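Reading through the structure tokens given below for one structure.
Letters A, B, ... are given to chains in the order of the sequence lines, protein chains preceding strands, and every chain is numbered from 1. Values reported hereafter were calculated over all heavy atoms of this structure, with side chains retained and with hydrogens, waters and symmetry mates removed. Owing to the predicted nature of the structure, the values given are computational and were not obtained by experimental measurement.
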There are 2 protein chains.
Amino acid sequence: MRSSPSIKQVAAAAGVSVGTVSNVLNKPDVVAEATRLRVNAVIAQLGFVRNESARQLRAGSSRAVGLLVIDAANPFFADVARGVEDAVQQVGGVVLLGNSAGDGERERRYLELFEQQRVRGVLIAPTGDQNPPLESLTRLGIPVVFVDRYPEDLAYSSVSVDDVAGGRLAASHLVETGHRRIAFVGGPSSLRQVRDRKQGAEEVVGATQDGILLVISTPALTTAAGRMAADEIATLDDRQRPTAVFAANDLIAIGLLSGLAAHGLRVPEDVAIVGYDDIEFAEAAAVPLSSVRQPRIELGRCAAELLFTQIRALEAHRPVQLEQVRFDCNLVVRRSSAPTAGRAGAASPATRL
Amino acid sequence: MRSSPSIKQVAAAAGVSVGTVSNVLNKPDVVAEATRLRVNAVIAQLGFVRNESARQLRAGSSRAVGLLVIDAANPFFADVARGVEDAVQQVGGVVLLGNSAGDGERERRYLELFEQQRVRGVLIAPTGDQNPPLESLTRLGIPVVFVDRYPEDLAYSSVSVDDVAGGRLAASHLVETGHRRIAFVGGPSSLRQVRDRKQGAEEVVGATQDGILLVISTPALTTAAGRMAADEIATLDDRQRPTAVFAANDLIAIGLLSGLAAHGLRVPEDVAIVGYDDIEFAEAAAVPLSSVRQPRIELGRCAAELLFTQIRALEAHRPVQLEQVRFDCNLVVRRSSAPTAGRAGAASPATRL
DNA sequence: CCGTCCGAATGAAACGTGTCAACTTTTTCG
DNA sequence: CGAAAAAGTTGACACGTTTCATTCGGACGG
């Protein structure tokens, strides 16, 4: 057999009209029990599968929500996606997951796809510097919510974490434990997350008398990039080398960890490290990683909720209320940034483990 | 504005017929240049976005491929997904990613969704013991390829790795480095991957004179489950405790690692560990993890290719050739299973590091 | 000048579903 | 028992696109 029977064939086989079959499918309570059972039996027997395209064409709305992330392989976004999926499943929807891989072109292609599919709404972690092309979506009446990014023009709802504060948190910790030569490792700087975290660190380090912040740019937020950055750090002579690194991302941090180890540099004795995101693997890393924790799953779930309220408002023809939700982040200190004997922590009373 | 103009409105605005607009969209070369430019201008000006549902309804085929994995948060499957996505993108398709989370019910729901969407094909890493309900798909003429699972009835194409061999590889290594009390940690046993890996280990351990394989079942292949298994191992007294563990999965292995450390047990001195998958984080783990490496991305890419050949065959009304591709796996030895002084490795000449 | 052929454009017919006013049957109640 | 209300069912139309047989207007060859 090649294709599913249509509603019409089901109707014929069950001896009812197409309208009745449609009702069995969508409003089972308005059709008499006997009829409903008979139709359902025929449906099962014929192996009928409703054609979602036709449904959508007629009904004018899909059940899908588009989610576009920067890096689907990053456990941080995997967790965000899980939060989104949980929330969307609960209301009977489905998630179309796109991976822009930090590439504006791929981002654009996915958005176009979402438009053509007439998704109910879009959740996006934008990759580029300025907003991606979303006008077309809004013209179609498709609401958009930013994830992990605060839209400076406030034209969209958003769920985010204050990355500048996170950067400050990480840098303060390093400064307080006695570090003065600190490096920031991350990139590309087209990512706002990266810029904000760096800025936070700059503020803190700049406020010290003698602190200095080196910046090592990477092409992406991956372990491979972290390993390359480690090579760079290792080539510096002892006086130039930072005693601590703030990585824009746990993947970078983990790459640094193994890269530095390969060069015979110890963490935290020679170089302390603080990462960002507190992904599951941070705790289990070669040296348990200090990291700025974000509520990953909650971030996704909340973004989905925000999207739902917008969708409901649109459907009820009520005015759409934009909303900016900011979650708190907090620092989880582990061994990778533990104070060591050689470098007394100014603000930490206990200097040895 | 609320909804995109239809092809009809574009046609009216451009002073042509709908058929011509459709041609501009799909066969630009059959329409005169002047007309084409004019129509394209109108499309841009009106912000027309093609309705994919309508296209699909009429054309009868979608451009989507369904991918259903057991755990989207597992970096192994994230990499498989990347391989799939690469291949699908190349031919202008899109991927619908589903996460069964090891739950047969969710698996069923996603398959139903894929059917309703009339996806072009389905790639599935089945969760349950027997085959998931795929008859409906084949009835619809939607080809299915198994990923990371060999279908014993050979009713579907598949891309997999010989997990029994992988299990033997891991266990042999442990036996050769002198271990006799070995534990297998993993579950649920409804997963064939788990059963096969265990079987491979059993074969090897059973072939020794004095070897013994403990089995510790876990509810899932997650770090949390690994940590719980570590608790169990830690409560055993020294004589009962295995000197080595073969984890069904790197996530389990990483969980074990941190769990054992929390109980003061050293890896590999007290307990050696070998994992499975060789995910990116295995190398960077607290103790670099020995692991059975699978070609993750290649697995996904190959599965997609297999699916494409089936789709092409179906479209050309040629008979479909099923194909079973098996990739090799190999063992990557790192510190977590390095031989230690206390336990001379029978087959390894150097017993100390 | 006629017949042919060719590129270009047309317009109507599907595709499978949801909707809804209209119709029929059954139930209720005075 | 009959009228009115309720419950159940019908059938035609619309959604936006693709497809394809048809038409149109010229160019070309004889």
Side-chain angles (χ1 to χ4, degrees), chain A residues 1-40 42-43 46-63 112-113 115-119 140-141 315, chain B residues 2-40 42-43 46-63 112-113 115-119 139-141 315:
Chain A
M1 204 174 305
R2 200 45 162 288
S3 73
S4 164
S6 76
I7 226 177
K8 195 185 292 182
Q9 301 176 44
V10 172
V16 296
S17 73
V18 287
T20 300
V21 178
S22 176
N23 280 338
V24 170
L25 258 32
N26 303 302
K27 314 172 190 164
D29 40 317
V30 310
V31 27
E33 179 166 5
T35 319
R36 175 159 33 98
L37 290 174
R38 184 155 39 98
V39 172
N40 275 328
V42 173
I43 285 178
L46 262 51
F48 165 79
V49 176
R50 168 215 248 118
N51 186 325
E52 177 65 20
S53 302
R55 202 214 108 254
Q56 192 170 318
L57 172 59
R58 173 64 231 218
S61 80
S62 88
R63 292 167 163 153
E112 198 178 313
L113 175 76
E115 287 173 2
Q116 295 185 352
Q117 300 276 4
R118 299 289 194 274
V119 296
L140 291 180
E315 283 179 355
Chain B
R2 201 44 162 290
S3 74
S4 165
S6 76
I7 226 178
K8 195 186 293 184
Q9 301 176 44
V10 172
V16 297
S17 72
V18 286
T20 300
V21 178
S22 176
N23 280 338
V24 170
L25 257 33
N26 303 303
K27 315 173 190 164
D29 39 318
V30 310
V31 28
E33 181 165 3
T35 319
R36 175 161 31 101
L37 291 175
R38 184 155 38 98
V39 172
N40 275 328
V42 174
I43 285 178
L46 262 52
F48 165 79
V49 176
R50 169 215 251 118
N51 185 325
E52 177 68 18
S53 301
R55 202 213 109 254
Q56 191 170 319
L57 172 59
R58 171 64 228 211
S61 80
S62 89
R63 294 168 162 152
E112 199 177 314
L113 174 76
E115 287 172 2
Q116 296 184 352
Q117 299 277 1
R118 299 290 193 272
V119 296
R139 206 166 20 221
L140 291 180
E315 282 178 357

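To the nearest 0.5 angstrom, B/Thr20 atom OG1 is 9.0 Å from B/Arg38 atom CZ. Taking OG from B/Ser6 and CG from B/Asn51, the interatomic distance works out to 9.5 Å, rounded to the nearest 0.5 Å.
The shortest distance between side-chain heavy atoms of B/Arg55 and B/Ser61 falls below 4.5 Å.
Put simply, NZ on B/Lys27 is 14 Å from C1' on C/dG7, counting in whole angstrom units. One atom, CZ of A/Arg36, and another, P of D/dA7, lie 15 Å apart when rounded to the nearest Å. When the C1' atom of C/dC15 is taken as reference, atom CZ of B/Arg118 falls 12 Å away, rounded to whole Å. Between A/Gln117 atom CD and D/dG16 atom P there is a gap of 16 Å when expressed in whole angstrom units. Distance, B/Asn26 CG to D/dG16 C1': 13 Å, rounded to whole Å. The separation between A/Gln116 atom CD and D/dT17 atom P is 10 Å, rounded to whole Å. Remark: P of C/dG16 and CD of B/Glu115 are 16 Å apart, rounded to the nearest angstrom. Note: CD (B/Gln56) to C1' (C/dG16) measures 12 Å, nearest angstrom.
Of the listed nucleotides (C/dG16, D/dT19, D/dT17), D/dT17 has the atom at the smallest distance from the side chain of B/Asn51. Closest approach to the A/Phe48 side chain among D/dT10, C/dT17, D/dT19 is made by C/dT17 (side chain taken as heavy atoms from C-beta onward). When distances run from any side-chain atom of B/Ile7 to the nucleotides D/dT10, D/dT19, D/dT17, the shortest one goes to D/dT17. For A/Val18, counting side-chain heavy atoms from C-beta on, the closest listed nucleotide (D/dT17, D/dA12, D/dT10) is D/dA12. Proximity note for A/Arg55 (side chain, C-beta onward) versus C/dT10, C/dT17, D/dG16: the nearest is C/dT17. Side chain of B/Ser22, nearest nucleotide from C/dA8, D/dT19, D/dT9: D/dT19.
Both A/Glu52 and B/Gly19 sit near DNA chain C, but only B/Gly19 has its closest nucleotide nearer the 5' end. Both B/Leu57 and B/Ser17 sit near DNA chain C, but only B/Ser17 has its closest nucleotide nearer the 5' end.
Interface remark: the B/Arg58 side chain does form a donor-acceptor pair with the D/dT18 base, using a distance-only criterion of under 3.5 Å.
Contact check, B/Ser53 against D/dG16: no side-chain N or O comes under 4.0 Å of OP1 or OP2. For the OP1/OP2 pair of C/dG18 and a distance below 4.0 Å, the side-chain nitrogens and oxygens of A/Arg50 include at least one atom meeting the criterion.
Residue A/Ser6 is classed as a sugar-phosphate contact, given heavy-atom separations below 4.0 Å to backbone atoms only.
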For residues 28-35 of chain B, tabulate all N or O donor-acceptor pairs below 3.5 Å that involve a side-chain atom, not counting sequence neighbours.
none

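Of the candidates B/Gln116, B/Gln56, B/Gln117, A/Ser53 forms a side-chain hydrogen bond (donor to acceptor under 3.5 Å, both in side chains) with just one, namely B/Gln56.
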